[in-house]
Amino acid sequence: MKDEDFSFVRRAYFPTMIFQIDLPNPEKLNETLLNNIHGERERDQKGISRSNIPALGGWHSHNNLHKSEDYAELVGVINNATDKLSENLGYAETHNLRIGTMWSIINPPRSANKAHVHPGCLWSGVYYIQAPEKCGNIEFVEPRTVHLMNQAKYQPNKKRPKECWTKVRFKPVPGRMIIFPSWLYHSVDTNMTEESGEAANRIIISFNLNQVKAK
């Protein structure tokens with residue numbers, strides 16, 4: 001049978017979507033956020049324990065930063081991004097995708113975040129404020145674990161299609177926001193930067209999103 005004797009159509013269903021937003025000129029916003037987060041850490045040096053590893057120096061703030069005026073500008077940026085996301089996905093106009101919890105994490109050298117998900121929400125996100133070189137990529141893994149049990153062999157030395165990847169990493173860049181499904185397992189690699197002092201810290205703000213009735 002020749003190729004022209006049959007129809008060959010590739011269709012993709014049940015995709016796992018990850019959205020990337022890059023802010024232009026984020027330096028002023030990031031400087032303000034950095035000062036606010038350092039203030040949070042001074043007030044609450046112990047923080048809380050979630051996916052961070054306190055024994056390695058990882059610090060996690062409380063979860064209500066979005067309720068403080070200190071973070072109003074970032075909340076506005078997130079709202080703009082989630083409005084675009086909702087429009088892109090055809091979400092109901094009767095509801096808005098909004099922040100339910102928001103927190104900061106500081107990862108000094110040798111610290112990391114364990115693989116985890118975010119229960120009870122639709123989408124989650126991370127915004128990078130300070131990200132020295134080699135400070136730890138965020139890694140997402142194939143959500144269909146049954147697919148990992150028997151994998152196909154691919155052509156050597158050739159990049160496989162993105163739809164066939166079993167993990168993907170994003171390099172942290174100051175001013176970049178990543179929004180992903182809350183059920184998608186993710187972790188953060190160990191901070192291996194060669195920087196020293198406060199400049200060595202990987203500093204981010206994370207948030208969870210749910211639909212709320214539009215006012």
Side-chain angles (χ1 to χ4, degrees), residues 1-24 26 50-52 77-92 97 99 105 107 111-193 202 204-211:
M1 180 180 290
K2 298 179 181 179
D3 289 350
E4 58 267 23
D5 290 337
F6 59 88
S7 172
F8 182 82
V9 180
R10 176 177 174 175
R11 303 185 187 277
Y13 298 104
F14 315 119
T16 302
M17 292 167 288
I18 297 176
F19 293 86
Q20 177 180 316
I21 300 97
D22 291 301
L23 301 189
R50 293 294 186 269
S51 66
N52 57 310
V77 170
I78 294 170
N79 287 345
N80 287 338
T82 56
D83 285 346
K84 289 183 180 295
L85 186 154
S86 295
E87 181 181 1
N88 181 268
L89 296 179
Y91 282 176
L97 199 56
I99 300 169
I105 292 177
N107 275 359
S111 62
N113 289 83
K114 297 173 287 188
H116 62 286
V117 296
H118 295 214
C121 41
L122 285 175
W123 295 86
S124 298
V126 56
Y127 176 74
Y128 297 104
I129 300 166
Q130 180 172 290
E133 194 67 26
K134 299 179 183 178
C135 69
N137 294 343
I138 186 170
E139 179 180 274
F140 300 96
V141 298
E142 162 69 73
R144 299 163 299 179
T145 52
V146 65
H147 180 241
L148 301 175
M149 296 176 66
N150 187 19
Q151 296 185 45
K153 292 180 173 59
Y154 293 88
Q155 295 183 34
N157 304 317
K158 186 176 181 180
K159 200 168 186 178
R160 69 180 69 174
K162 287 184 179 179
E163 297 92 330
C164 300
W165 291 1
T166 56
K167 62 179 63 176
V168 61
R169 290 187 176 95
F170 285 82
K171 180 180 179 180
V173 176
R176 173 167 293 171
M177 185 186 303
I178 305 293
I179 300 178
F180 52 91
S182 300
W183 47 258
L184 184 60
Y185 264 98
H186 55 286
S187 61
V188 177
D189 294 336
T190 303
N191 183 347
M192 300 295 290
T193 187
R202 175 186 180 276
I204 59 96
I205 282 181
S206 284
F207 50 90
N208 289 324
L209 302 162
N210 261 319
Q211 286 180 311

State which residues pass salt bridge (charged side-chain N to carboxylate O under 4.0 Å, His left out) with R169; sequence neighbours excluded, sorted by chain then number.
-> E139, D189

Taking all non-hydrogen atoms of both residues, which atom of C121 and which atom of L209 are closest, and how far apart?
-> CB-O, 3.4 Å

Output for pair (I99 CD1, N79 CG), nearest 0.5 Å, gives 5.5 Å

Do S187 and N113 have side-chain N/O donor and acceptor atoms under 3.5 Å apart?
-> no

Close side-chain approach of V141 and H186, heavy atoms under 4.5 Å | no

If you take all heavy atoms of N210 and G120, which pair is closest and at what distance?
-> ND2-O, 2.9 Å

Beyond-backbone contact of T16 with L184, side-chain heavy atoms, under 4.5 angstrom = yes

Spatial distance of atom OG (S124) from atom CG (N208) [nearest 0.5 Å] | 4.0 Å

List the steps, then state whether ring-ring contact (aromatic ring centres under 6.0 Å, His included) holds for F207 with W123.
-> CA-CA 9 Å; F207 50 90; W123 295 86; over 10 Å; no

Hits for salt bridge (charged side-chain N to carboxylate O under 4.0 Å, His left out) against K84, two or more places apart or cross-chain, chain-then-number order -> none

Test side-chain contact (heavy atoms from CB on, under 4.5 Å) on W165 and E142 and set out the steps.
-> CA-CA 7 Å; W165 291 1; E142 162 69 73; over 6 Å; no

What's the verdict on side-chain contact (heavy atoms from CB on, under 4.5 Å) for R202 and Y128, showing C-alpha distance, side-chain angles and the deciding distance?
-> CA-CA 8 Å; R202 175 186 180 276; Y128 297 104; 3.3 Å; yes

Minimum heavy-atom separation for L89 to M17, with atom names?
-> CD2-SD, 3.7 Å

Kindly compute the distance separating CD (E133) from SG (C135), expressed to the nearest 0.5 Å.
-> 8.0 Å

Show your working on ring-ring contact (aromatic ring centres under 6.0 Å, His included) between F180 and F140 and close with a plain yes or no.
-> CA-CA 9 Å; F180 52 91; F140 300 96; 4.9 Å; yes

Evaluate whether atom OH of Y185 has more than 12 neighbouring non-hydrogen atoms of other residues, nucleotides or ligands under 6.0 angstrom away.
-> no

All heavy atoms of P26 vs all of Y127, minimum pair found to be CB-OH, 3.7 Å

Please name all residues satisfying salt bridge (charged side-chain N to carboxylate O under 4.0 Å, His left out) with E87, sequence neighbours left out, ordered by chain then number.
-> none

Where do I178 and I18 land on the side-chain contact (heavy atoms from CB on, under 4.5 Å) test, with the steps shown first?
-> CA-CA 7 Å; I178 305 293; I18 297 176; 3.6 Å; yes

OG1 of T82 to CG of L122, rounded to nearest 0.5 Å, is 11.5 Å

Are Q20 and D22 linked by a side-chain donor-acceptor pair shorter than 3.5 Å?
-> yes

Please assess Q151 against T166 for the test side-chain contact (heavy atoms from CB on, under 4.5 Å), listing each intermediate value before the final yes or no.
-> CA-CA 10 Å; Q151 296 185 45; T166 56; 3.5 Å; yes

Greater than 12 external heavy atoms within 6.0 Å of Q155's CD | no

Going by atom types only, do S182 and H118 share a side-chain donor-acceptor pair under 3.5 Å?
-> no

Note, M177 side chain near V77 side chain (heavy atom, < 4.5 Å) = yes

Taking the side chain as C-beta and beyond, is there a heavy-atom pair between F170 and V126 under 4.5 Å?
-> no

When rounded to the nearest 0.5 Å, the distance separating OG1 of T190 from CG of N137 is 11.0 Å

How far does CD1 of I179 sit from CD1 of I78, to the nearest 0.5 angstrom?
-> 7.5 Å

Output yes when a side-chain donor or acceptor of N191 lies under 3.5 Å from a complementary backbone atom of G136, and no otherwise.
-> no

